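The next block holds one structure in the form of structure tokens; read it before the comments.
Numbers restart at 1 for each chain; the letters A, B, ... are given by sequence-line order, proteins then strands. If you're wondering where the values come from, they're calculated on a predicted model, not measured in any experiment.
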Number of protein chains: 2
Amino acid sequence: MSSTGRPTSRDVAQAAGVSQSTVSLVMGGKWTGRISPATAQTVQEAAVRLGYRPNLAARNLRLGTTRTVMLIIPSLAAPFFGAVHAGAARVAAEHGFGVVVYPWPDDAGPADSPFAAPHEAIDGILTSSLAADVVSRFSGTPVVMLDSDPEGGATTVLFDVAEGMRAVAAHLAALGHRRIGHVAASIDQWTFRIRGDALAAAVRAMPGGSLIRASGTLDVGSARDAAGELLDRHNRPTALVCDDDLMAAGAYKAARARGLDVPRDVSVTGFDDLQLAIALEPELTTVRLPAEALGAQGMTALLGLLDGGRPRPRSLPGELIVRTSTAPPPPPR
Amino acid sequence: MSSTGRPTSRDVAQAAGVSQSTVSLVMGGKWTGRISPATAQTVQEAAVRLGYRPNLAARNLRLGTTRTVMLIIPSLAAPFFGAVHAGAARVAAEHGFGVVVYPWPDDAGPADSPFAAPHEAIDGILTSSLAADVVSRFSGTPVVMLDSDPEGGATTVLFDVAEGMRAVAAHLAALGHRRIGHVAASIDQWTFRIRGDALAAAVRAMPGGSLIRASGTLDVGSARDAAGELLDRHNRPTALVCDDDLMAAGAYKAARARGLDVPRDVSVTGFDDLQLAIALEPELTTVRLPAEALGAQGMTALLGLLDGGRPRPRSLPGELIVRTSTAPPPPPR
DNA sequence: CTGAAAGCGCTTACAG
DNA sequence: CTGAAAGCGCTTACAG
């Protein structure tokens, strides 16, 4: 064994009485028809005995690949992106790939952050919610974009958020709601633009439908203020459609602060179906976005890209989960 | 430039009219006193012009290090561990290290999972909430354990959860509570054992104090059932101390389902201070655990270990955050 | 101050 | 069926 402690293929070769290249062939699983089964078994036993594991740096150097993919997301502290990571890492592991996460800080834009991490050796990039023009900076590195503008030219895996928002609107319309308030995320991302556009179109199609909107950031306090602004209007909406579940929690607070009961006085809907949705009282009617599947499908597409393929864009359906935060509107005052 | 497209130090050397070793010295920042400033500048310009970035696999092979650390945690879908990751990744990046996350699935134990990822080339391991005996499997790889049993022999960075739990008990005692219910996590981990022991000792020290306990898993539904069991006792507790914030959300539900108001009829406390704590109504009195700092301090300790140091164990204080889910107990019936 | 050379541990033609 | 050898792109003594 080499003096540094960790055994190399050369050590295994010596222990098994064969050449180093034979060890490499056996360990790489490319020996059938080239090495006698008896020799192969001797090598495998020696490898196990010595606790041999191939040096990845050497393999990577030789093959020109790292079998590592970078996942760029807004924040891992958001449970949604934790699920995206889980799906991506699962599929990656099935193919012998690792995932390095690059969360960019809230204050730093995506513009330069990932490139401040020059120590990363990666084969490809999986990224969520990035502005499309940022893709151009990834010159040469294969990219798959998640839940992002498909017009950017990159391969995308999307949620069908427009269909999800139409399902919300149809549900509210069926309950009898006409005056809809949109508690919107004030974030310039494709997914939120689409949600807003789809809701506006759906309300426009309702007979007698009207839509008002207030924006906030993706946190409880900001959403509470935005929702409160809508509830303080003269002719207040009977339903608040929120851009995600956390904002819906803020809408609950705005309603309660005004003595309004959810759902008797005002209905509230969310988006994502996080664990929060059932932690709230009443439990939240929301659109379930399959975050784990997004990560998994995205990684599948990226591995296809790395294989030289041309994976086609995919879109994952959201599902309306009706719980107890929505009900018919109160009778006119 | 080499035919594969990506420039190497050899390409830069040719463009700058110097040798490859000079390029390496300049790029590695080890040139002062060895290379003339003029030459160094020529090299740097050529490197920028060609878009040269050192091949990490080659550097890793040469140096016998990967500058990568594996973070092993229960799940990234839990926002708590997202924050741990953020802290660890921040400190790692400051030292030119990358972090690979290894979340183990809920159903698989930690026993073999990380070793089913043999494609990872790592220098060290940062891990949370692992059973102490698992450390022995990491033979040879430096390990720092987070929020885990310090008796295991590994370097640890802990939360002072015992002190946090004592603060909860003191807060409740000061409000007048004596009959305490513990909604406990049924997970065999150091951090939860300590929470239970500290609470038991604190209640024992209260004049007239009594403690009953029910256990559940770390989710809303299971915690709701456990809390409900306590609330259905003949002489029901006036306060429910929950092992984390999500379980507290379950306790809220159990109370509401029985027509009990929080905090008028029963006080509830949590642990962690996740975003959920202020999304709930009423906002949750809880112990804030600095998850980002845990990851950061853990990574600092691990880098110290990799530097050949012997970092001493650290303990991070929790902070009781009093909100509106706790109040004096109702008058005796 | 600069360059030629060794060598990290692999994979993979190539020769036998 | 097996082995000797080249070479991936670096870092770092060593020679000049």
>> What I want to find out is whether A:Arg90 reaches A:Glu94 closely enough, with some N-O distance under 4.0 Å, to be called a salt bridge.
In response: yes
Regarding [X], tell me which of base, sugar-phosphate or nothing describes its non-hydrogen contacts under 4.0 Å with the strands shown.
X       : value
B:Gly28 : nothing
B:Arg59 : sugar-phosphate
B:Leu63 : sugar-phosphate
A:Ser9  : sugar-phosphate

Find the distance [X]:[atom1] to [N]:[atom2] and express it as a whole number of Å.
X       : N      : atom1 : atom2 : answer
A:Arg67 : C:dC10 : CZ    : C1'   : 15 Å
B:Arg10 : C:dA5  : CZ    : P     : 11 Å
B:Leu61 : D:dC8  : CG    : P     : 13 Å
A:Ile35 : C:dT12 : CD1   : P     : 14 Å
A:Lys30 : D:dC1  : NZ    : P     : 19 Å
A:Asn60 : C:dG9  : CG    : P     : 15 Å
A:Leu25 : C:dG9  : CG    : C1'   : 15 Å
A:Gln20 : C:dC10 : CD    : P     : 7 Å

>> Under 3.5 Å for both donor-acceptor distances, Watson-Crick or wobble: does C:dA4 have a partner, and if so which one?
In response: none
> So which nucleotide does C:dA13 pair with, by the Watson-Crick or G-U wobble rule with both distances under 3.5 Å?
Replying inline: none
>> If you assign each of B:Gly33 and A:Ser24 to its closest nucleotide in DNA chain C, which residue comes earlier from the 5' end?
In response: B:Gly33
Does [N] have OP1 or OP2 under 4.0 Å away from a side-chain N or O of [X]?
X       : N     : value
B:Thr8  : D:dG9 : no
B:Ser36 : C:dT2 : yes
A:Ser19 : D:dT2 : no
A:Thr39 : D:dT2 : yes
B:Ser21 : C:dG3 : no

Decide yes or no for [X] and [Y]: does some side-chain heavy atom of the first lie under 4.5 Å from some side-chain heavy atom of the second?
X       : Y        : answer
A:Val26 : A:Gln44  : yes
B:Val69 : B:Ile122 : no
B:Asn55 : B:Arg59  : no

> What nucleotide among D:dG9, D:dT11, C:dT11 has an atom nearest to a side-chain atom of B:Arg62?
Replying inline: D:dT11
> With distance as the sole criterion, is a donor-acceptor pair present between the side chains of A:Thr65 and A:Asp123 under 3.5 Å?
Replying inline: yes
>> Under a plain distance cut-off of 3.5 Å, with no hydrogens placed, do B:Ser36 and B:Thr39 share a side-chain donor-acceptor pair?
In response: yes
